[in-house]
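What follows is a single structure, written as structure tokens, with notes after it.
Below, read A as the first sequence line, B as the second, and so on, with proteins coming before strands; counting in each chain starts at 1. A quick note: this is a predicted structure, and the numbers were derived from the prediction, not measured.
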Amino acid sequence: MVTAAAMSNFVIVAREDFSEVTYLLEILHPLMAKAAKPGQFVIVMLNEHGERIPLTIADFDSEKGTITLVIQAVGKTTRQMQQECQVGTSLYGMVGPMGIPSPISHAKKVLCVGGGLGVAPIFPQARGFKESGAYVIAVLGFRNKELVFWEEKFRDCCDELILCTNDGSAGMKGMITDGIKVALAGHPNIEEVVAIGPPVMMKACADTTRPYKIKTMVSVNPIMVDGTGMCGGCRVKVGDQVKFACVDGPDFDGHLVDFDDLMLRLQRYTKDEKSASERWSENCRMTKQIDPGALNELAKGGAPQSEPLELPDPYEDAPGG
Amino acid sequence: MREQDAQVRARNFEEVACGYSLDDAMRESERCLMCPDEPCIAGCPVGINIPGFIQKIGEKNFRGAYDILTDTNLLPSICGRVCPQENQCEGVCTVGESLEAVAIGRLERFVGDTAIKEGWSNIPYIEANRFRVGVVGSGPAGMACAADMAKAGCDVTVYEAFHQPGGVLRYGIPDFRLPNTVIDAEIDNLKKLGVKFECNTLVGRLFTIEQMIDEMGFHAVFVGVGAGYPTMLNIPGDSLNGVLSANELLTRCNLMHARDFPNFDTPLPIGRRVAVVGAGNTAMDAMRVSIRLGAEKVYCIYRRSRTEAPARVEEVHHAEQEGVEFHWLTNPVSVLNDGTGSVRGMRCVRMELGAPDDSGRRRPVPIADSEFDFETDLIVYAIGTNANPIMGQTSKLKLNKWGYIGTDENLATSVAGVFAGGDIVTGAATVIEAMGAGRKAACSMKAYLGIRDPALPYFTETGSGTLFGIDMRERNFARVRVA
């Protein structure tokens with residue numbers, strides 16, 4: 001029995017910090033937890049003045065009634081969420097599940113590739129394939145050991161796990177495509193590859209599997225406003241067609257997606273993003289300065305000098321989906 | 001009607017048309033002839049008793065005028081502003097045959113605004129009937145259907161995917177044409193009727209239409225989700241940064257308040273020279289928004305001539321006053337890249353009008369060797385919309401060949417108990433047509449549920465053809481369902 005109760009309040013019931021920039025939120029939404037399927041996403045609004053940001057669902061638990069999101073603090077909104085979204089607080093809006101669920105095919109052997117933050121949204125797909133009886137090999141790529149998360153979770157649901165880090169501090173040393181090559185060498189009968197991560201990584205994955213002619217699905221993450229097919233901001237070139245990622249995707253054939261176009265379109269608001277982010281950092285510093293200790297310092301005549309925060313480039317490691 | 005000066009208003013988002021003063025309204029009401037054949041009522045998609053409410057204005061009985069208006073139209077402040085009256089009631093007005101037609105829309109708006117100011121609302125006596133009705137989409141079609149079903153005694157819930165209700169009234173039509181305060185007031189009226197609004201709910205994906213009927217206990221559902229899905233031109237350079245749909249521009253500006261960036265977090269592309277392709281009402285909105293956002297030049301690029309432009313005459317006129325440069329008989333050929341993936345300009349070709357096409361308008365044909373380039377840094381497509389695919393993807397509703405929801409003449413869909421109306425049935429149209437569809441669907445829904453419809457005729461003299469005292473001619477007892 002579906003009930004429409006409690007849909008206006010999106011309470012955060014759990015939080016976990018994976019690293020300085022990556023954090024996990026579990027949000028209570030029983031109805032969505034029942035409806036969600038692998039590959040779908042939500043659009044979140046932090047507060048009334050906030051922007052609508054699309055985030056791929058990293059996990060859902062219909063028993064607990066929760067939706068799990070893994071977020072990387074790269075822009076103003078995601079950094080503000082990192083600061084403000086504590087257990088017990090709630091989001092202003094969360095709508096979904098959006099997009100066409102990933103088709104969990106009857107492939108017998110599947111390679112699930114997650115890069116950086118893309119490791120989170122690949123999880124429901126890996127689990128989905130496992131549940132439908134496939135032999136699942138996961139390739140997870142991170143920059144270094146500190147950024148690794150959910151290794152155990154993947155070990156529990158996959159038949160094999162290949163962990164790669166760029167510096168070799170965990171698992172094998174190498175790029176994620178090296179991991180894919182290892183997997184392909186060991187398993188010539190892989191029928192399908194699913195890759196989620198920053199566009200540049202998905203592009204590399206698609207290029208790696210192209211010579212093998214293995215079906216490769218990717219989950220694209222363009223800029224969106226509504227997520228319901230209404231604004232067309234998320235249009236991507238797939239083969240010779242233009243598709244809206246929000247209602248026609250977000251999963252597309254990686255061998256057909258025009259990644260260069262996707263990456264270019266992701267930069268549309270880089271300048272605004274950067275200025276918003278800088279302004280926000282500035283405000284945070286000012287708030288800090290006004291705390292009593294700081295005021296005392298000021299009274300003593302020694303204003304605390306804060307170092308300007310170093311901003312991560314928002315698109316260096318864009319959220320994977 | 002008094003208007004803000006074009007120079008001043010082009011720099012603010014305040015309403016352009018200031019509305020009638022009391023004297024204006026009195027004077028205008030006297031121009032109505034009260035002609036016996038009442039062509040205006042037939043010209044109105046919802047059949048408002050127009051001479052009736054104008055007469056009440058003449059008697060200075062504004063409350064009475066409001067009562068007559070709200071008999072048929074719950075949203076007079078909105079319709080008075082956004083209806084294309086020149087094609088409807090005012091287009092057939094008898095006075096209009098020799099003089100300027102009675103300004104019915106402005107009078108309607110005057111009454112609606114007076115009601116908001118005075119805090120009037122007409123809440124009829126409602127006897128609850130235990131039927132539950134779900135409405136998908138909180139735009140004009142959904143609002144009209146919800147109002148009628150609530151008045152009939154149903155427990156109505158409206159679902160909206162955005163975080164605020166109102167649909168196109170909220171995200172599409174800019175503040176200077178329809179202020180948010182007016183939408184809020186009209187939505188409050190619906191809430192007073194007992195209508196519940198659930199935002200942040202994407203029907204189809206969070207739960208399906210079928211689940212609403214089978215599991216959630218709704219006895220009937222109305223689908224009024226709008227057309228949405230914007231058309232792109234499919235010319236080279238379409239995906240360059242700086243090319244966007246009018247829907248995106250307007251949603252960012254209106255719903256997300258991007259014009260107040262950075263107070264609001266949503267950014268907006270700001271163009272110095274903006275080219276808007278299309279000449280419908282949405283195109284006019286996009287141009288006038290661009291002017292207010294500070295564009296130096298705003299061009300309208302339209303492949304037909306001014307006569308064929310689908311926008312309201314008043315809108316074209318307003319846009320012109322505010323400094324929009326119109327380029328009629330001009331068609332885009334490609335968007336030019338500045339080398340970094342952004343727009344540098346647009347290549348167009350001159351057109352001339354040939355023989356009439358299917359729509360009865362003369363078909364534009366390109367003039368050979370007339371291509372030319374011009375400089376622009378932001379291009380907005382306002383060339384119409386297609387059907388939103390979500391309902392088709394998630395339900396068993398039968399669609400027509402264009403992807404819109406197929407209905408019979410009573411707006412019933414292929415799924416029992418599910419009705420549809422507005423843009424998702426007809427393709428992009430006007431606010432009032434959507435409202436008309438919402439009301440029509442409500443009428444069918446009442447017949448489906450077996451609710452007596454006060455709008456249908458009731459015969460007091462019962463003849464021999466009665467069954468348990470019910471007159472067969474009422475045709476009002478089609479189905480009996482136990483709630």
Side-chain angles (χ1 to χ4, degrees), chain A residues 1-4 7-8 10 29 31-32 34-36 40 43 45-53 75-77 80 92-101 225-233 235-237 242 244 247-248 258 260-262 264-265 267-269 271-273 275-276 279-280, chain B residues 134 157 159 161-163 171 196 198-202 205-208 211-212 214-217 225-232 234 238-242 244-245 247-252 255-258 260-270 340-342 381 385-386 388-390 393:
Chain A
M1 173 82 192
V2 182
T3 55
M7 276 194 293
S8 49
F10 311 99
H29 196 320
L31 206 48
M32 202 190 294
K34 266 195 196 109
Q40 290 187 300
I43 283 193
M45 268 182 95
L46 176 58
N47 55 42
E48 228 174 314
H49 286 216
E51 57 182 335
R52 294 168 66 90
I53 57 166
K76 191 245 173 182
T77 301
Q80 195 179 355
Y92 173 70
M94 181 168 81
V95 55
M98 292 169 146
I100 300 176
V225 183
D226 60 298
T228 61
M230 211 197 66
C231 80
R235 56 190 192 275
V236 283
K237 281 189 196 160
V242 174
F244 289 3
V247 288
D248 301 323
D258 184 340
D260 296 330
D261 184 67
L262 176 70
L264 195 65
R265 289 185 57 75
Q267 290 165 16
R268 261 182 297 163
Y269 296 107
K271 234 189 255 165
D272 296 312
E273 283 273 320
S275 74
R279 205 174 295 108
W280 184 74
Chain B
T157 308
Y159 294 104
F162 269 130
H163 50 283
Y171 74 74
K196 292 185 282 274
E198 297 273 7
C199 292
N200 287 304
T201 308
L202 181 63
R205 291 283 173 209
L206 188 58
F207 45 79
T208 62
Q211 276 179 299
M212 289 176 78
D214 298 338
E215 298 172 26
M216 295 168 72
V225 295
Y229 206 93
T231 312
M232 304 310 283
N234 290 324
D238 250 358
S239 65
L240 290 176
N241 290 335
L244 74 170
S245 72
N247 269 3
E248 180 170 358
L249 178 80
L250 293 171
T251 306
R252 284 180 182 272
L255 177 79
M256 304 309 295
H257 299 276
D260 288 341
F261 183 85
N263 289 330
F264 283 78
D265 290 341
T266 305
L268 185 71
I270 300 292
T340 68
S342 296
Y381 289 168
T385 52
N386 293 317
N388 189 303
I390 294 178
Q393 288 168 349

Identify which part of [X] has an atom lying under 4.5 Å from any heavy atom of chain B, answering side chain, backbone, both or neither.
{"X": "Met45(A)", "value": "side chain"}
{"X": "Thr228(A)", "value": "both"}
{"X": "Ile100(A)", "value": "both"}

Can you check whether [Y]'s main-chain N or O pairs, donor with acceptor, with [X]'s side chain at less than 3.5 Å?
{"X": "His49(A)", "Y": "Asn263(B)", "value": "yes"}
{"X": "Arg235(A)", "Y": "Ser239(B)", "value": "no"}
{"X": "Gln267(A)", "Y": "Asn241(B)", "value": "no"}

Pick whichever of Asp261(A), Val95(A), Asp248(A), Ile43(A) has the most heavy-atom pairs under 4.5 Å with chain B.
Val95(A)

Between Arg279(A), Met98(A), Arg52(A), the one whose heavy-atom pairs under 4.5 Å with chain B are most numerous
Arg52(A)

Roughly how far, to the nearest 0.5 Å, is [atom2] of [Y] from [atom1] of [X]?
{"X": "Met230(A)", "Y": "Asn388(B)", "atom1": "CE", "atom2": "CG", "answer": "9.5 Å"}
{"X": "Leu31(A)", "Y": "Met216(B)", "atom1": "CG", "atom2": "CE", "answer": "6.5 Å"}
{"X": "His163(B)", "Y": "Glu48(A)", "atom1": "NE2", "atom2": "CD", "answer": "8.0 Å"}
{"X": "Leu202(B)", "Y": "Gln40(A)", "atom1": "CG", "atom2": "CD", "answer": "9.5 Å"}

Does any backbone or side-chain atom of [X] lie under 4.5 Å from a heavy atom of chain A? Answer side chain, backbone, both or neither.
{"X": "Tyr381(B)", "value": "neither"}
{"X": "Pro267(B)", "value": "both"}
{"X": "Thr340(B)", "value": "backbone"}
{"X": "Asn386(B)", "value": "neither"}
{"X": "Met212(B)", "value": "neither"}
{"X": "Leu249(B)", "value": "neither"}

Minimum heavy-atom distance [X]-[Y], with the two atoms named:
{"X": "Asp265(B)", "Y": "Glu51(A)", "answer": "CB-N, 3.6 Å"}
{"X": "Gly229(A)", "Y": "Pro230(B)", "answer": "O-CD, 3.5 Å"}
{"X": "Asn200(B)", "Y": "Tyr92(A)", "answer": "ND2-O, 4.0 Å"}
{"X": "Cys231(A)", "Y": "Ser245(B)", "answer": "O-OG, 2.5 Å"}

Mind ranking Ser342(B), Pro269(B), Pro389(B) by heavy-atom pairs under 4.5 Å with chain A and telling me who comes out on top?
Pro269(B)

If the threshold is 4.0 Å, N to carboxylate O, is there a salt bridge linking Glu248(B) and Arg268(A)?
yes

